[in-house]
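Reading through the structure tokens given below for one structure.
Just so you know, ligand 1 is whichever comes first in the structure, and atom 1 is the first atom listed for that ligand. Remember, it's a predicted structure, so these values are computed and weren't measured experimentally.
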Amino acid sequence: MSQGKAVIFCAPSGAGKTTIVRELVKRLPELKFSISATTRPPRPEEENGKDYFFLSKEEFEKKEADGELFEWQEVYKGTYYGTLKSEVERIWMAGNQVIFDIDVVGGSNLKKRLGDQSLAIFVNAESVDVLRERLTKRNTETPESLEKRINKAVEEMAFEPKFDYTLINRDLQEAISEAERVVKAFLK
Ligand code: 5GP
């Protein structure tokens, strides 16, 4: 695979990572978002091929068996998420740099693999209570999936030391500016 730079964004669910990643992509044109494959159903505002490639479990398993995935994780029980090799290749081949929005396990594995070629940023909220409040407000979860995500967030916080940089998201605009500064310095 041709080699470019990679920015890896990970966070416990609800820390605001996806918003930061979307804004960074708008501000830094050489940074392209790697669209992952997933077996979870799309949320109402999500589009296939833009937010994710939404696949059936069978389709996902076939991609894995055919060696088409750069990395993958069963992020929630029975729900798979994976980075497509074709996405990363497409971005690097065009002379751009790739930005990943992936789970902490996938992210720390990628950091190990890509080393200095990558910058791994851990986005965190100030506390678990703040996370709970944000996830509740987002209104995309059922009570069961909300609890599942919060329990997982607590486990995910333990991965923070494996990352190059921790970004505490107290104020979204400030967090975006800080992310932009750090990522720009890395891409230079
Ligand atoms: P959501 O369902 O909220 O879109 O994503 C759930 C979690 O899966 C998030 O932490 C998200 O970053 C992660 N995720 C999304 N795509 C991938 C991927 O390709 N690989 C891995 N390992 N995690 C992913």
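K62 and E58 are not joined by a salt bridge, as no carboxylate oxygen comes within less than 4.0 angstrom of a charged side-chain nitrogen. A salt bridge links D51 with R22: the closest approach of a Lys/Arg side-chain nitrogen to an acidic carboxylate oxygen falls below 4.0 angstrom. R90 and E87 are joined by a salt bridge, as a carboxylate oxygen and a charged side-chain nitrogen come within less than 4.0 angstrom of each other. Between E89 and K85, no side-chain nitrogen of the basic residue sits less than 4.0 Å from a carboxylate oxygen of the acidic one, so the salt-bridge criterion is not met.
At a heavy-atom cutoff of 4.0 Å, ligand 1 is surrounded by K17, S36, R40, R43, Y52, E71, Q73, V75, Y76, Y81, G82, T83, D101, I102, D103, G106, R149.
Screening E74, E141, E46 against R40 for a salt bridge (Lys or Arg N to Asp or Glu O under 4.0 Å) leaves a single residue, E46.
Remark: T18 pairs with D101 by the side-chain hydrogen bond (donor to acceptor under 3.5 Å, both in side chains) rule, at least two apart or across chains.
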